[in-house]
There are 2 protein chains.
Amino acid sequence: MPSDCRSVNEILARVGDKWSVLVVSLLGDGAMRFSELRRLIGGISQKMLTTTLRGLERDGFVTRTVTPTIPPRVDYELTSLGRDLLVPVRALGDWARHNRSRVEKARARFDQMAKS
Amino acid sequence: MPSDCRSVNEILARVGDKWSVLVVSLLGDGAMRFSELRRLIGGISQKMLTTTLRGLERDGFVTRTVTPTIPPRVDYELTSLGRDLLVPVRALGDWARHNRSRVEKARARFDQMAKS
DNA sequence: CCGTATCCCTCCGGATACTG
DNA sequence: CAGTATCCGGAGGGATACGG
């Protein structure tokens, strides 16, 4: 089925980008505001966090709620679609954790062979 | 757990790149040679297919078997690790197929709002 | 048939500085 | 606090040509 390859690829592209999965996972524990996410993630730039959240919002995975106080407050929360997505994403994450050493060993062997 | 974030990210990066998942899925139906993969995928350049296969081989997901005939013949096959990976990857693929329309609708709505 | 090398271009993502 | 604008380096990935 080449027809739905594109749509599958689009989802995988989201999943594969540098921050989306991490953000979705964190929001899986409940709604959070921008600065909380930024602090918890640690190594992300302001720009990329904004970009990532916009993408997730666009695809319907998170909602964005602005409270126009001073200073402003913005909360992000998973939609039901986002919580749905969390299921297969977590499965993949668990797989990665369980098999990390196998992959690392394979890499070490491969790189060893290549050094000749 | 920030410790295993890196390893998880590495797997997700593989999954998220443009061709790896497609190649692994195709090899899920059995061993194939280079030109078969190339023909079935359709839109991939020779360079990227080689690169993708090398990466998958390095991580221990596929084996590469050269038959030094003339012309040469090279077969690729999933390892047990590769077949393992197929399970969560297929789950994610199924999810993408089932929810494609929800995502598309969310995008259409978002883009509509943004046009104002 | 299979792989490498080269060129080139796009886009991701970080750093920084500035608005409301 | 949250977001935008700008600049910039580098990786990803396509086209082409060549080698074994």
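What you see is a predicted model; the values in this text were computed from it and never measured. A, B, ... follow the sequence lines: proteins, then strands. Residue 1 opens every chain.
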Between C1' of dC1(C) and CG of Asp75(B), the distance in whole Å: 12 Å
Start and end of the DNA chain D segment that chain B contacts, any atom under 4.0 Å from a heavy atom: dG13(D) to dG20(D)
Shortest non-hydrogen contact between Ser25(B) and Arg90(B), atoms and distance: O-NH2, 4.3 Å
Whether Thr67(B) side chain and Thr69(B) backbone form a donor-acceptor pair below 3.5 Å: no
Salt bridge present between Asp75(A) and Arg73(A) (N-O < 4.0 angstrom): yes
pair Ile41(B)-Ile44(B): side-chain heavy atoms closer than 4.5 Å: yes
Under 3.5 Å: donor-acceptor pair, side chain of Thr79(A), backbone of Phe61(A): yes
Sequence-distant partners of Ser20(A), side-chain hydrogen bond (donor to acceptor under 3.5 Å, both in side chains), two or more places apart: Asp17(A)
Under 4.0 angstrom between Tyr76(B) side-chain N/O and dC2(C) OP1 or OP2: no
Pair Arg102(B) + Asp84(A): basic N to acidic O under 4.0 Å: yes
Atom-to-atom span, CZ of Arg33(B) to C1' of dG3(C) - whole angstrom: 14 Å
Nucleotides 4-20 of chain C: protein proximity per nucleotide (B base, S sugar-phosphate only, - neither; heavy atom, under 4.0 Å): B-BB-----BBB----B
Phosphate contact (dC2(C) OP1 or OP2) by Arg64(B) side-chain N/O below 4.0 Å: no
Electrostatic pair Glu77(B):Arg33(B) at N-O distance under 4.0 angstrom: no
Rounded distance (Å) that lies between atom C1' of dC2(C) and atom CZ of Arg38(B): 11 Å
